[in-house]
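Take a look at the structure set out below.
Keep in mind the model is a prediction, meaning the values are calculated, not measured.
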Amino acid sequence: MSFASSSSFKEFQDVKPRVALIGSGWYGKCDLLRLLQVAPNAEVVALCDVDKKMLGEAADLVATKQASKRRPVAFADYRTLLKETKPELVLIGTPDHWHALQAIAAMEAGADVYCQKPISVDIAEGQAMLAAARKHKRVVQIGTQRRSTPHLVEAREILREGKLGKIGLVETCCYYHMRNNSHAANTTPPEHLDWELWTGPAPLRPYNPVAHPRGWRAFMEYGNGIVGDMCVHMLDMTRWMLGLGWPKSVSSNGGIFMDKASIANITDTQTASFDFGETQVLWQHRSWGEAPDPKYPWSAIFYGEKGVLKASVNGYDFIPSRGLAVHKDVTLELDKFPEDATERDLEKHVAPAIRYHMADWLKAVHARSKPVADIEEGHLSTASCILANLAQQTGRTLTWDVQQQRIVGDVAANQLLHRPYRKPWVHP
């Protein structure tokens, strides 16, 4: 993709797909508004959320942003939305435990899908999503937008040109203090929230204000912790940059070592090792303490025989063993999209990447081809992170059989590839 020539997105000015968003919270709106920047004549026909307050605010916002100024129809149930509005494009921004059912339903309804990462909470869900995309011939882009980040596309060329030589080790990490440390008590859900439907196929916990809005990642019932949230981005970026497929084996250690009082049940400390043969990829997160390199608290560091490449959402540094170092900062594009400066809760440094990711998706939809973050790539990166959590949970190194899509010689671990659904929801 040529980012210079794509910056105005002229080729999408006359594109008028019927669009729906399922999950109208923080990132759902971020994704949808970037799509409207790329394809300003797209028509958002419907929004879905189980939070009436959030849904109404999102519908009002979209009416001010889209060209028609029409207010999208609001739905509480995604199944009714799909049946009554028949959108061509569906964006999914719900918590992770809903991705599989909603994405598959959208594909079955004939829509192409943009789904947030990680694609699933268990590996069997991801397998079912991939199978559905291929069966129904749907174009599915996953929100691993590092693959569309301009400065990271540039950094990838450094690797592809062999400037680091052979790369034997990649260290990936996240040292953000992002694990919730709340002691909030369970309470009655607010009247505007359907907690039963919000929970859906996940285990039913008492409502806690930490979980909604935006705090659900504190609980393994709804996602895969910091590994599923943050490692998936850096692992996916690493695989894309180096052309890596499935890891041969995955091991992991960690737990709740520092903050035992919080209601959060995800790890506050965890390491993982992904064995790709002659390239090893390591992961570490700590939601406490300081980052070893304050400039790269969430990043991937590529160690080659000819130098080092540090890559993050904010920029990259190429440090060759011989010659001049190269530094590049993220480009914000506020000159082209000044509305980014005032949009509530928008990660301004990520907005350009989302726009280019949307453009790549629209191109693939038009060509009926695979986008840069095709569902198969999203499944591979998600499943690898889930394997890391399963390795930490079981205390064993897990060897993956790519052909059988199973863990080798471990009956107990294989039973964890499929997480039971709460009735009446049926696992795909």
TODO: Determine whether Phe274 and Thr238 make a side-chain contact, defined as any pair of heavy atoms from C-beta on separated by less than 4.5 Å.
DONE: no
Open item on the list: I'd like to know if the side chain of Lys29 and the backbone of Gly25 have a donor-acceptor N/O pair within less than 3.5 Å.
Closed with: yes
Task: N-O pairing of Glu43 and Lys16 below 4.0 Å - done: no
Open item on the list: Looking at Asn389 and Asn224, would you say the former's side chain and the latter's main chain have a donor-acceptor pair under 3.5 Å?
Closed with: yes
- [ ] Would you sort out whether Gln127 and Leu130 count as a side-chain contact (heavy atoms from CB on, under 4.5 Å), showing the intermediate values?
- [x] CA-CA 5 Å; Gln127 293 168 339; Leu130 174 58; 5.9 Å; no
Open item on the list: Between Ser252 and Thr271 (side chain of the first, backbone of the second, donor and acceptor by atom type, cut-off under 3.5 Å), is there such a pair?
Closed with: yes
Open item on the list: Checking side-chain polar atoms at under 3.5 Å, does Glu339 have a donor or acceptor matched by the opposite partner on Gln37?
Closed with: yes
Open item on the list: Under a 4.0 Å threshold between the charged nitrogen and the carboxylate oxygen, would Arg239 count as salt-bridged to Glu377?
Closed with: yes
Task: Salt-bridge present (Lys295, Asp317; N to O < 4.0 Å) - done: yes
- [ ] Determine yes or no for a side-chain-to-main-chain donor-acceptor pair under 3.5 angstrom, with Arg422 supplying the side chain and Ala202 the backbone.
- [x] yes
TODO: Could you give me the CA-CA distance, side-chain angles and deciding distance for Gln66 and Asn41, then say whether side chain to side chain donor-acceptor pair (under 3.5 Å) is met?
DONE: CA-CA 7 Å; Gln66 63 178 347; Asn41 287 304; over 6 Å; no
Open item on the list: With heavy-atom distances below 4.5 Å as the criterion, would you say the side chains of Arg286 and Gln270 are in contact?
Closed with: no
TODO: Evaluate the side-chain proximity of Leu35 to Leu362: yes if any heavy-atom separation is below 4.5 Å, no if none is.
DONE: yes
TODO: I would like to know whether Lys370 and Val139 meet side-chain contact (heavy atoms from CB on, under 4.5 Å); could you show each step before the answer?
DONE: CA-CA 6 Å; Lys370 293 180 182 179; Val139 178; over 6 Å; no
TODO: Could you check if a side-chain atom of Arg217 sits within less than 4.5 angstrom of a side-chain atom of Ile266, using non-hydrogen atoms only?
DONE: no
- [ ] Evaluate whether atom CZ of Arg344 has more than 12 neighbouring non-hydrogen atoms of other residues, nucleotides or ligands under 6.0 angstrom away.
- [x] no
- [ ] Mark yes or no for whether Thr279, through its side chain, and Phe276, through its backbone, hold a donor-acceptor pair below 3.5 Å.
- [x] no
Open item on the list: Strictly below 4.0 Å, N to O, side chains only: are Asp259 and Arg179 in salt-bridge contact?
Closed with: yes
Task: Distance, nearest 0.5 Å, that separates CG of Leu81 from NZ of Lys86 - done: 11.0 Å
Task: Separation between OG of Ser287 and CG of Asp268, rounded to the nearest 0.5 Å - done: 4.5 Å
Task: Pair Asp96 + Lys117, salt bridge at N-O below 4.0 Å - done: no
Task: Which residues share a salt bridge (Lys or Arg N to Asp or Glu O under 4.0 Å) with Asp340, sequence neighbours left out - done: Arg34, Arg355
- [ ] Give a yes or no on whether a salt bridge exists between Lys137 and Asp112, defined as a side-chain N under 4.0 angstrom from a carboxylate O.
- [x] no
Open item on the list: With no hydrogens and no angle check, just 3.5 Å: does a side-chain donor-acceptor pair link Glu171 and Tyr296?
Closed with: no
Open item on the list: Checking ring pair (Phe, Tyr, Trp, His ring centres under 6.0 Å) between His97 and each of Trp198, Phe219, Trp425, Trp216, which is the one that passes?
Closed with: Trp198
TODO: Kindly determine whether Arg147 and Met237 satisfy side-chain contact (heavy atoms from CB on, under 4.5 Å), including the steps that lead there.
DONE: CA-CA 6 Å; Arg147 292 175 179 244; Met237 180 184 78; over 6 Å; no
- [ ] Report yes if the side chains of Ile263 and Val210 come closer than 4.5 Å at any heavy-atom pair, otherwise no.
- [x] yes
Open item on the list: salt bridge (charged side-chain N to carboxylate O under 4.0 Å, His left out), that's the test. Do Asp236 and Arg146 meet it? Break it down for me.
Closed with: CA-CA 8 Å; Asp236 185 78; Arg146 303 290 81 77; over 6 Å; no
Open item on the list: Please confirm whether the ring centroid of Phe9 lies under 6.0 Å from the ring centroid of Tyr356.
Closed with: yes
Open item on the list: Do Tyr207 and Thr188 have side chains that approach each other closer than 4.5 Å (heavy atoms only, starting at C-beta)?
Closed with: no
Task: Centroid-centroid under 6.0 Å between His285 and Trp298 rings - done: no
Open item on the list: Under a 3.5 Å distance rule, please check whether Asp122 uses its side chain to pair with a backbone N or O of Arg419 as donor and acceptor.
Closed with: yes
Task: Any side-chain heavy-atom pair of Val121 and Glu125 under 4.5 Å - done: yes
Task: Straight-line distance of Leu346 CG to Leu33 CG, nearest 0.5 Å - done: 8.5 Å
TODO: Might you confirm whether atom CG of Asp14 has over 12 heavy atoms from other residues, nucleotides or ligands at distances under 6.0 Å?
DONE: no
Open item on the list: Do Asp51 and His212 pair up side chain to side chain, a donor and an acceptor below 3.5 Å, judged on atom types alone?
Closed with: yes
Task: Side-chain donor or acceptor of Thr382 paired with backbone N/O of Ile119 under 3.5 Å - done: yes
Open item on the list: Checking side-chain polar atoms at under 3.5 Å, does Asp360 have a donor or acceptor matched by the opposite partner on Gln141?
Closed with: yes
Open item on the list: Other residues, nucleotides and ligands only: do more than 12 of their heavy atoms fall within 6.0 Å of NZ on Lys53?
Closed with: no
TODO: Calculate, to the nearest 0.5 Å, the distance between atoms CG and OG belonging to Asp329 and Ser312 respectively.
DONE: 9.0 Å
Task: Test item: Arg138 side-chain N/O and Gly110 main-chain N/O as donor-acceptor pair under 3.5 Å - done: yes
Task: Donor-acceptor under 3.5 Å (Asp275 side chain, Lys248 main chain) - done: no
- [ ] Drop me the distance from Leu82's CG to Cys48's SG, to the nearest 0.5 angstrom.
- [x] 8.0 Å
Open item on the list: In the structure I gave you, are the side-chain heavy atoms of His357 and Val350 within less than 4.5 Å of one another anywhere?
Closed with: no
Task: N-O pairing of Arg406 and Asp401 below 4.0 Å - done: no
Task: Proximity of Tyr78 and Trp98 rings by center, below 6.0 Å - done: yes
Task: Test log, rule side-chain contact (heavy atoms from CB on, under 4.5 Å), inputs Leu390 and Leu398 - done: CA-CA 8 Å; Leu390 297 183; Leu398 303 180; 3.8 Å; yes
Open item on the list: Looking at His366, I want to see if its NE2 is surrounded by more than 12 non-hydrogen atoms of other residues, nucleotides or ligands under 6.0 Å.
Closed with: no
- [ ] In plain terms, say whether Arg134 and Glu376 are close enough for a salt bridge, that is, a side-chain N and a carboxylate O under 4.0 Å apart.
- [x] yes
Open item on the list: Quiz question: by atom type and distance under 3.5 Å, do the side chains of Trp288 and Thr269 form a donor-acceptor pair?
Closed with: yes
Task: Side-chain (His99) to main-chain (Thr94) donor-acceptor, under 3.5 angstrom - done: yes
Task: Tyr114 versus Gly143, closest heavy-atom pair with distance - done: OH-CA, 3.7 Å
Open item on the list: Looking only at side-chain N and O atoms, does Glu347 offer a donor or acceptor that is under 3.5 Å from a partner on Tyr27?
Closed with: yes
Task: Pair Arg79 + Asp77, salt bridge at N-O below 4.0 Å - done: yes
Open item on the list: To the closest 0.5 Å, what do you measure between CD1 (Ile386) and OG (Ser120)?
Closed with: 4.0 Å
- [ ] Begin with the C-alpha distance, continue with both residues' side-chain angles, and end with the deciding distance and a verdict on side chain to side chain donor-acceptor pair (under 3.5 Å) for Gln116 and Asp31.
- [x] CA-CA 9 Å; Gln116 263 303 326; Asp31 287 339; 2.8 Å; yes
